[in-house]
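Right, one structure below, let's go through it.
Just so it is clear, the values below take in all heavy atoms, side chains as well, and ignore hydrogens, waters and symmetry mates. Just so we're on the same page: letters track the sequence lines, and every chain starts at 1.
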Protein chains: 2
Amino acid sequence: MVTYQINKEKLEKAAFILKTVAHPTRLAIVDLLAQNEKLSVNEMCEVLECEQSLLSHHLINMKLKGILRSEKDGLNVFYSLKEREVMKLIECIEHCDCNY
Amino acid sequence: MVTYQINKEKLEKAAFILKTVAHPTRLAIVDLLAQNEKLSVNEMCEVLECEQSLLSHHLINMKLKGILRSEKDGLNVFYSLKEREVMKLIECIEHCDCNY
DNA sequence: TTTATATATGAAGATATTATCATATATTTG
DNA sequence: CAAATATATGATAATATCTTCATATATAAA
């Protein structure tokens with residue numbers, strides 16, 4: 001008999017989190033913030049060569065989904081990883097050499 | 001100065017793999033195959049309550065992307081995890097309680 | 001060799017995601 | 001206060017993903 005343990009809710013939550021990160025730019029953001037405690041939108045814009053508005057959309061989305069937090073300081077808004085656990089995802093992925 | 005280490009190619013690959021798994025049904029497939037060495041399409045259909053054709057699409061997609069392998073035995077096709085490393089993703093996610 | 005079963009395929013429609021653009025808001029500085 | 005700068009917002013267009021359905025293929029069994 002086939003067993004099945006993880007419940008639907010948990011799977012949906014996991015898929016949700018994964019989705020939030022499953023994008024080159026967003027993954028780069030996580031990576032960047034793993035290496036730098038906090039960064040302003042502008043700083044990330046430059047490093048990632050991503051248009052400001054698009055980056056903003058990504059950042060707000062990630063914040064909304066609980067991956068990032070933000071704090072305002074004058075004109076700048078600094079983003080940082082809310083759950084440093086997310087970094088583990090990246091490491092994990094790096095070790096997983098699926099060939100396709 | 002902001003540093004940035006991971007290269008584009010790596011990020012794209014990682015995002016690609018993540019995307020493959022960032023879906024409730026596909027995550028359930030990984031989970032199911034982490035617990036059962038190999039399973040036929042039908043067996044998974046029943047457990048996951050997923051329509052055969054849809055499941056087939058998912059499985060083939062996952063195989064194409066290097067997450068799964070398949071072997072035929074008579075009428076059945078058995079799928080199994082190609083990279084058991086993928087299981088770590090799930091564990092990782094489970095420990096990561098992002099609130100959103 | 002017809003019938004049943006398991007799986008795959010492909011097209012189309014439904015839905016979701018991503019990118020772009022123009023512009024708004026908020027803050028600082030001159 | 002006007003101008004400059006940083007970020008956010010919202011509508012829309014472009015694109016990708018997911019689902020469904022009808023049907024094809026391959027194997028096994030009667």
Side-chain angles (χ1 to χ4, degrees), chain A residues 2 8 11-30 32-33 36 38-80 82 100, chain B residues 2 8 11-30 32-33 36 38-80 82 100:
Chain A
V2 179
K8 256 189 185 170
L11 282 173
E12 258 156 38
K13 185 180 170 188
F16 186 85
I17 297 170
L18 280 174
K19 250 189 183 171
T20 303
V21 164
H23 184 285
T25 302
R26 293 196 297 262
L27 219 42
I29 291 169
V30 171
L32 212 44
L33 290 176
N36 303 268
K38 56 169 111 169
L39 292 171
S40 71
V41 180
N42 233 5
E43 286 173 313
M44 291 193 256
C45 258
E46 282 171 15
V47 183
L48 300 178
E49 295 171 1
C50 180
E51 200 246 332
Q52 182 274 316
S53 160
L54 181 52
L55 189 59
S56 235
H57 279 302
H58 279 308
L59 290 169
I60 286 162
N61 181 257
M62 290 169 83
K63 183 184 171 184
L64 203 77
K65 290 181 179 171
I67 306 275
L68 305 181
R69 81 163 66 77
S70 73
E71 69 193 278
K72 195 162 187 182
D73 179 10
L75 270 181
N76 301 294
V77 174
F78 289 93
Y79 282 88
S80 55
K82 190 168 174 192
Y100 51 91
Chain B
V2 180
K8 256 190 186 171
L11 282 172
E12 260 158 35
K13 186 181 169 186
F16 186 85
I17 296 171
L18 280 173
K19 251 189 183 172
T20 302
V21 164
H23 184 284
T25 303
R26 293 196 297 263
L27 218 44
I29 291 169
V30 171
L32 212 43
L33 289 175
N36 303 269
K38 55 169 109 170
L39 292 172
S40 71
V41 180
N42 233 3
E43 286 174 314
M44 290 193 256
C45 259
E46 283 171 14
V47 183
L48 300 178
E49 295 171 2
C50 180
E51 199 244 334
Q52 181 274 315
S53 160
L54 180 53
L55 188 59
S56 237
H57 280 302
H58 280 309
L59 291 169
I60 286 162
N61 180 259
M62 291 169 84
K63 183 185 171 183
L64 203 79
K65 291 182 178 167
I67 307 274
L68 304 181
R69 81 161 69 74
S70 72
E71 69 192 278
K72 195 163 186 178
D73 180 10
L75 270 181
N76 300 295
V77 173
F78 289 92
Y79 282 87
S80 54
K82 191 169 173 191
Y100 50 90

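- Scored by the side chain to side chain donor-acceptor pair (under 3.5 Å) test, A:His23 finds no partners at all (sequence neighbours excluded).
- Comparing B:Gly74 and A:Lys19 by the nucleotide of DNA chain D whose heavy atom lies nearest to each, the residue mapping closer to the 5' end is A:Lys19.
- Along DNA chain C, the nucleotide closest to A:Thr25 and the one closest to B:Glu43 are compared, and the more 5′ of them pairs with B:Glu43.
- Within residues 50-59 of chain B, the residues having any heavy atom under 4.0 Å from DNA chain C are, by residue number, B:Gln52, B:Ser53, B:Ser56, B:His57.
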Decide yes or no on side chain to side chain contact (heavy atoms under 4.5 Å, CB included) for A:Leu59 and A:Met44, but give the supporting numbers first.
-> CA-CA 10 Å; A:Leu59 290 169; A:Met44 291 193 256; 3.9 Å; yes
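- Summarising the geometry, atom NZ belonging to A:Lys63 is positioned 15.0 Å from atom OG1 belonging to A:Thr20; distances are rounded to the nearest 0.5 Å.
- Rounding to whole angstrom units, NE2 of residue B:His23 and P of D:dA16 are separated by 18 Å.
- Atom pair B:Leu64:CG and C:dT9:P shows a separation of 10 Å (rounding to whole Å applied).
- The distance from atom NZ of B:Lys65 to atom C1' of D:dA16 is 10 Å, rounded to the nearest whole Å.
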Verdict with supporting geometry, B:Leu54 and B:His58, side chain to side chain contact (heavy atoms under 4.5 Å, CB included) = CA-CA 6 Å; B:Leu54 180 53; B:His58 280 309; 3.9 Å; yes
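- Residue contacts shown for B:Tyr79 are limited to sugar-phosphate atoms, with no base heavy atom under 4.0 Å away.
- Separating the CZ atom of A:Phe78 from the C1' atom of C:dT27 is a distance of 14 Å, rounded to the nearest angstrom.
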Steps toward side chain to side chain contact (heavy atoms under 4.5 Å, CB included) verdict (A:Val30, A:Met62) = CA-CA 10 Å; A:Val30 171; A:Met62 290 169 83; 3.7 Å; yes
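- Atom-to-atom, CG of B:Leu27 to P of D:dC18 comes out at 12 Å; the value is rounded to the nearest Å.
- Counting heavy atoms from C-beta on, the side chains of A:Lys72 and A:Val77 come closer than 4.5 Å.
- Among C:dA26, D:dT7, D:dA8, the nucleotide with an atom closest to any side-chain atom of A:Leu75 is C:dA26.
- Spacing between atom CG of A:Asn76 and atom P of C:dT25 amounts to 20 Å, rounded to whole angstrom units.
- Taking only side-chain nitrogens and oxygens, B:Lys72 never comes nearer than 4.0 Å to OP1 or OP2 of C:dT7.
- A straight line from CE of B:Met44 to C1' of C:dA6 spans 13 Å, rounded to a whole angstrom.
- Distance B:Leu68 CG to C:dA8 P: 11 Å, rounded to the nearest Å.
- Residues B:Leu39 and B:Ile29 are not in side-chain contact: their nearest non-hydrogen atoms beyond the backbone lie 4.5 Å or more apart.
- Dashed line: the shortest gap from a side-chain N or O of A:Asn42 to OP1 or OP2 of D:dT5 is not under 4.0 Å.
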